[in-house]
Each structure stands twice: as structure tokens, then as C-alpha cells.
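Here's the structure we're looking at; comments come further down.
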Amino acid sequence: MRILILGGTGMLGSDCKRILKDNNEIITLNKQELDIISWDGVIGAIDKVSPDVILNCVGFTDIDACETENYAVRKINIEGPRNLAQASARFQCKLVHISSGCIFDGRKLIPQPYFEDDALNPQSAYGMSKMESETAVRQNSPNYIIIRSAWLYGINGINFLKSVVKHAVQKESEVLKAADDQFGSPTWSYRLALQIEALLQINARGTYHATAEGCCSRFEYARFILDKLGLKCPVEPCKMKDFNYTAKRPTNCLLENRLLKKQGINVMSHWKKDLNIFLDKYGEKVIKDARL
Ligand SMILES: NC(=O)c1ccc[n+]([C@@H]2O[C@H](COP(=O)([O-])OP(=O)(O)OC[C@H]3O[C@@H](n4cnc5c(N)ncnc54)[C@H](OP(=O)(O)O)[C@@H]3O)[C@@H](O)[C@H]2O)c1
């Protein structure tokens with residue numbers, strides 16, 4: 001397959017490049033080469049590249065900044081995907097678009113997960129923009145896969161795991177606070193890239209949930225990282241409200257990979273298993289980078 005990866009410099013996009021390059025022809029265009037908010041740019045680029053698949057890993061992903069940067073959020077998270085969806089229709093290729101668990105209100109009782117067909121009710125500007133992006137994709141592309149994920153970590157990009165390590169390394173004696181009332185499934189972007197590959201291999205269509213198996217609170221997640229890396233920084237549980245975030249986060253961000261399992265193509269692992277592998281492989285690098 002000829003796959004055009006957009007957002008290839010980001011956390012998920014860089015892992016997708018790594019995974020998909022073995023059995024496919026990969027073309028990547030960075031933001032300077034193709035700004036997805038430009039309709040003319042998108043149409044011209046897709047015409048020229050003529051891909052079988054457009055993989056959209058682009059996003060305005062700073063959840064708090066989304067509350068105030070309304071113009072950029074609309075352009076990048078909604079109009080960009082709409083441009084790509086229209087291009088996928090015009091040039092008859094598949095669009096793979098990444099959405100988020102933030103489209104749900106997070107009020108289900110823990111540990112009940114959200115299913116693909118549960119009602120959407122985003123509580124933040126980011127969640128709202130991801131919900132609208134899904135609508136734009138469904139309305140404009142006849143051949144799409146929407147993949148909802150959550151709590152991503154990886155070796156590239158900014159993520160919770162790196163923030164925890166940075167705190168532990170730079171403020172070793174200062175207590176790290178992490179919420180014990182917010183739940184999710186820490187998901188390795190590399191594993192999600194493998195799942196995307198599996199979906200492409202069967203020429204899947206539709207909306208899928210794809211997160212790691214099992215669940216934990218932010219506090220358990222932080223503790224696991226520190227213990228595994230032997231970092232001595234003290235960690236204490238707190239509540240989400242203690243952080244005074246600008247954007248509201250879902251308390252329950254658990255997504256069930258129901259459709260992947262039904263179709264026998266779920267490659268997602270338990271969060272602890274993947275996090276162990278990730279920290280064995282990249283722990284030292286993450287610590288070294290955190291010292292910079
Ligand atoms: N992170 C998570 O926990 C999470 C969870 C669920 C879903 N998602 C979704 O997964 C996708 C990827 O997330 P991520 O965390 O990997 O993102 P990321 O690391 O923030 O990377 C975003 C990418 O988008 C590019 N980009 C931004 N604006 C662009 C534009 N106008 N035109 C072209 N490229 C542009 C960035 O390029 P530059 O680096 O040049 O700015 C970067 O390569 C997003 O749709 C996000 O909403 C993320």
C-alpha cells in the first residue's frame with residue numbers, strides 16, 4: 001500500500017512511520033510541506049501523491065490550550081480532517097483518522113468502559129473538536145476508519161509518562177501529586193501503530209476503540225513508572241480538582257475495544273505488560289532526556 005502519513009513528527013505519527021514502512025510505501029509530509037487546514041494544499045498534495053491510504057495523525061493536542069485557542073482548534077482538529085475526508089472521496093483512497101476518549105463525558109461508573117456506539121457528550125473544547133472531526137470524516141469520506149484512543153505515551157512527543165519522569169529527576173525531593181480519581185488505560189503509541197497496521201491489513205471500515213487492556217488511576221500509573229525506573233521521588237494521591245486544569249477531563253476514560261475483539265483483530269496488550277517493555281527499552285533515555 002502507498003500510505004501518506006500526516007503528523008509524522010508527532011508521538012503516534014512517528015511510531016506509525018516505523019511500523020508501516022516494512023510492508024508499505026510510506027510518504028510523509030510535514031506541516032511546512034502540507035498544512036492540512038489548507039483546502040487547496042490538501043487537494044493538490046493528495047492528487048500528486050495519489051495514496052491508497054491517508055493516515056491522519058495530526059492534532060491540536062494540548063487539552064488546556066484548546067479551551068482558549070478556538071480558531072486553531074477548529075482549523076486543525078475539524079476543518080483539516082474535513083479537507084482530508086473530502087480528498088479521500090475525490091481521489092478514492094481510505095482515510096484513517098484518530099479520535100479520542102474525550103468525546104465521552106466520563107461519567108460511567110468505574111470500571112465500566114465506553115463502547116463504540118455509546119452516546120457522545122464531550123466536556124471540553126478538545127473533546128468537542130474531536131467529536132466534530134468524527135462527524136466531518138463520516139459525512140465526507142465513503143471509506144474511513146476512525147480510531148478512538150486515550151492516555152497515549154511513546155518515545156516521541158509530550159506525554160504524562162515523560163512529565164512524571166521529569167518531575168522525579170528535576171525535583172527529586174518534591175512530592176509528586178497524581179490523581180487517584182481519574183481512570184484510563186495507558187496505551188503505548190507503538191502498540192496503537194501495530195493496531196492500525198492490523199486494521200489496514202483487513203481493509204477495515206468504521207469506528208473502533210483501541211486502548212490497552214486493563215485500567216488504573218493516574219496515581220497508580222505514576223507509581224508504576226517511578227517504581228519500575230527506581231526513581232525515589234515521593235508520590236502522593238490527590239484529586240483531579242486539585243490541579244485547577246483549564247479543561248475538564250473525563251473521570252472515566254476507559255474504552256472497550258469491542259469491535260476489534262468481535263472481528264478477531266485486537267492486538268492491544270495489557271497496559272502493565274507494554275509499559276514494562278517500554279521502560280525496559282527506553283527508560284534510560286527518558287531519564288536522560290528529562291535531565292536536559
Ligand atoms: N496524545 C494522546 O494521549 C492522544 C489520545 C487520544 C487521541 N489522540 C489523537 O491522536 C492524534 C495524534 O496525537 P499525538 O499525541 O501523536 O499528537 P502530537 O504528538 O501532538 O503530534 C501532532 C502532529 O500534528 C502536526 N500538526 C499540527 N498542526 C498541523 C497542521 N496544521 N498541518 C499538518 N500537521 C500539523 C504536528 O507537527 P509539528 O510537530 O510540526 O507541529 C505533529 O506532527 C491526534 O489526533 C490526537 O488528537 C492523542
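All ligand and atom numbering here is 1-based and tracks the order in the structure. As the structure is a computational prediction, the values presented were derived from the model and not from experiment.
Judged by distance alone, with hydrogens and angles left aside, the side-chain atoms of N30 form a donor-acceptor pair with the main-chain N or O of E33 at under 3.5 Å. Remark: the backbone N or O of W271 is not paired with any side-chain donor or acceptor of E213 at under 3.5 angstrom.
Put simply, the side chain of I19 reaches to within 4.5 Å of the side chain of Y190, judged on heavy atoms. Here the side chains of V96 and L200 are in contact, with some heavy-atom distance below 4.5 Å.
Atom 48 (C) of ligand 1 has its closest protein heavy atom at L152 CD1, 3.7 Å. Taking atom 32 (N) of ligand 1 as the reference point, the nearest protein heavy-atom neighbour is I36 N, 3.2 Å. Nearest protein heavy-atom contact of atom 13 (O) of ligand 1 is T61 CG2, 3.9 Å. With hydrogens left out, the protein atom closest to atom 33 (C) of ligand 1 is L34 O, 3.5 Å, a heavy atom. The protein non-hydrogen atom at the shortest distance from atom 39 (O) of ligand 1 is T9 OG1, 3.1 Å. When only non-hydrogen protein atoms are considered, atom 6 (C) of ligand 1 lies nearest to S149 O, 3.2 Å. Annotation: atom 29 (C) of ligand 1 to nearest protein heavy atom, K31 CD, 3.3 Å. Looking at atom 12 (C) of ligand 1, its nearest protein heavy atom turns out to be C57 O, 3.4 Å.
Nearest residue to atom 5 (C) of ligand 1 from G7, G101, A150 is A150 (criterion: closest heavy atom). When the heavy atoms of G157, G184, S99 are ranked by distance to atom 7 (C) of ligand 1, first place goes to S99.
For D47 and R90, the salt-bridge test fails: no basic side-chain N is under 4.0 Å from an acidic carboxylate O.
Contacts of K130 with ligand 1, taken as heavy-atom pairs under 4.0 Å, involve the side chain alone. Here F160 has no heavy atoms under 4.0 Å from ligand 1, in either its backbone or its side chain.
The shortest N or O to N or O distance between Q32 and ligand 1 is not under 3.5 Å. Between M11 and ligand 1, at least one pair of N/O atoms sits closer than 3.5 Å. In terms of N/O distances under 3.5 Å, ligand 1 is approached by G10. For a threshold of 3.5 Å applied to N or O pairs, the pair formed by S100 and ligand 1 contains no separation below that value.
Atom CG of N252 is separated from atom CZ of R107 by 12.0 Å, given to the nearest 0.5 angstrom.
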